[in-house]
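We count ligands from 1, going down the list as the structure has it; atoms in each ligand are counted the same way. Since this is a predicted model, take the numbers as computed values, not measurements.
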Amino acid sequence: MLKATEKIWHNGKFVNWDDAQIHVLSHVVSYGSSVFEGLRCYETPNGPAIFRAQDHARRLLDSGKIYRMDVPYTVEQLTRAMAEVTRINGLKSCYIRPIALRGYGDVGVLPKSNPVEVYIAAWEWGKYLGDEAINQGVDVCISSWARLAPNTLPALAKAGANYMNSQLIRMEAAQNGFAEGIALDQNGFVSEGSGENIFVIRDGTIYTPPLAASVLLGITRDSIMKIAAQLQLPLVETNIPREMLYIADEVFFTGTAAEVTPIRSIDRIPVGTGRRGPITEQIQKRYFEVVSGQVEDQFHWLTLVENVAEPQPVGA
Ligand code: PMP
């Protein structure tokens with residue numbers, strides 16, 4: 001169960017957690033018209049820091065743009081709002097969820113008088129695929145559901161509606177006793193998990209599906225690509241046939257929620273030795289050092305909450 005906090009940011013003001021409500025006839029409820037983000041704020045030696053806040057804010061605006069949804073805030077304003085919601089709730093490490101949705105107005109597919117409402121909530125949250133997953137890895141399956149086909153629902157937009165497909169993948173996997181499902185794209189190549197990008201390693205080379213394989217351009221995916229380059233690990237973006245997963249030495253998921261999670265079996269076939277592999281471990285270690293400020297922030301990925309949030313008024 002979600003750990004409620006005190007305040008949620010709504011269109012530039014704070015409302016109480018329980019008052020952040022929408023009408024059942026809001027456009028989003030019938031037609032799935034929302035775009036959203038998920039970020040993590042980590043404790044660092046210099047205080048709480050949001051990981052890649054500007055990149056997530058930009059992706060939110062990009063998702064809105066694809067859907068002709070005008071999100072009336074800049075990257076800087078959204079970054080500040082994310083820092084403020086973290087600070088006002090006294091959070092040190094948390095998950096942050098900005099959502100833009102089409103609200104209450106006319107009922108009908110064409111959004112006419114439906115205002116775009118923006119909310120940002122934050123709360124404490126643990127490991128997405130379980131505490132043990134990070135070290136032990138997870139058992140996953142190939143989904144019988146494919147990812148979004150090109151020119152249907154745009155995969156590059158992080159839209160609420162896309163998660164109907166994600167739910168099919170995740171529920172089927174859970175039903176069959178797996179932690180997660182890996183979906184293929186329309187052409188039968190590896191795409192991604194229901195909420196994670198995927199990396200496959202064989203003979204020391206790291207492979208990940210390209211942006212045209214119906215993937216979300218994950219911000220963790222991008223971070224891992226840059227970290228791999230720094231560690232001088234060869235990495236190629238290319239189409240990956242399904243069977244490559246079965247003969248890989250190592251496979252791992254990436255995502256804000258999943259962070260870097262090793263995969264130890266796929267369709268009950270052990271990946272490599274059936275435990276977290278050395279390259280995954282090396283990348284994972286560096287990722288956690290970077291997000292928690294243990295190493296120099298070379299890429300300027302950390303936004304210190306106290307540097308960005310408005311100072312609290314005295315006595316507030
Ligand atoms: N793919 C999907 C479908 C996702 O929902 C997510 C989580 N946002 C990701 C990939 C990973 O993206 P990120 O690293 O930006 O969290």
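- Between Arg242 and Asp267 there is a salt bridge, since a side-chain N of the basic residue sits under 4.0 Å from a carboxylate O of the acidic one.
- Ring pair Phe299/Trp301 is parallel by interplanar angle, where below 30° counts as parallel and above 60° as perpendicular.
- Contact atoms of ligand 1 toward Arg59: 8 (N), 12 (O), 15 (O) (distance under 4.0 Å to a heavy atom of the residue).
- For ligand 1, none of its N or O atoms has an N or O atom of Thr254 under 3.5 Å away.
- When each of Ile279, Thr280, Val200 is checked for a side-chain contact (heavy atoms from CB on, under 4.5 Å) with Phe252, only Thr280 meets the rule.
- Within ligand 1, counting atoms from 1 as listed, the ones closer than 4.0 Å to a heavy atom of Gly255 are 11 (C), 14 (O), 16 (O).
- Put simply, no part of Ala257 is less than 4.0 Å from ligand 1, judged by heavy atoms.
- Between the side chain of Ser214 and the backbone N or O of Leu148 there is at least one donor-acceptor pair closer than 3.5 Å.
- Under 4.0 Å is where a charged nitrogen must lie from a carboxylate oxygen, and between Glu237 and Arg221 at least one such pair does.
- Only backbone heavy atoms of Glu196 (N, CA, C or O) come within less than 4.0 Å of ligand 1; its side chain stays farther off.
- The side-chain heavy atoms of Glu124 and Thr5, taken from C-beta on, include no pair separated by under 4.5 Å.
- Between Arg147 and ligand 1 there is a heavy-atom distance shorter than 4.0 Å.
- The nearest heavy-atom contact from the protein to atom 14 (O) of ligand 1 is Thr220 OG1, 2.6 Å.
- Between Trp17 and Trp123, the ring-plane angle classifies as perpendicular under the 30° and 60° cut-offs.
- The single protein non-hydrogen atom nearest to atom 8 (N) of ligand 1 is Lys158 NZ, 2.7 Å, given as residue, atom name and distance.
- Annotation: atom 16 (O) of ligand 1 to nearest protein heavy atom, Thr256 OG1, 2.6 Å.
- Remark: ligand 1 and Leu216 share no N or O pair separated by less than 3.5 Å (distance only, no angle test).
- Looking at Asn11, its side chain never comes within 3.5 Å of a backbone N or O of Glu117 through a donor-acceptor pair.
- In terms of protein heavy atoms, atom 11 (C) of ligand 1 is closest to Asn197 OD1, 3.6 Å.
- Residues Thr303 and Met82 form no side-chain contact, since every pair of their non-hydrogen atoms from C-beta on lies 4.5 Å or further apart.
- Scanning all protein heavy atoms for the shortest distance to atom 7 (C) of ligand 1 gives Gly195 O, 3.4 Å.
- The shortest N/O to N/O separation between His56 and ligand 1 does not fall below 3.5 Å.
- With ligand atoms numbered from 1 in the order given, ligand 1 contributes 1 (N), 2 (C), 3 (C), 10 (C) to contacts under 4.0 Å with heavy atoms of Glu192.
- Under the 3.5 Å distance criterion, the side-chain polar atoms of Asp249 are matched with a main-chain donor or acceptor of Asp203.
- Tyr104 and His23 have tilted rings, their planes meeting at an angle from 30° to 60° on a 0 to 90° scale.
- Of all protein heavy atoms, the one lying nearest to atom 5 (O) of ligand 1 is Tyr163 OH, 2.4 Å.
- Close N/O approach between Ser166 and ligand 1 is not found [any backbone or side-chain N/O within under 3.5 Å].
- Less than 4.0 angstrom separates some heavy atom of Gly218 from each of these atoms of ligand 1: 12 (O), 13 (P), 14 (O), 15 (O).
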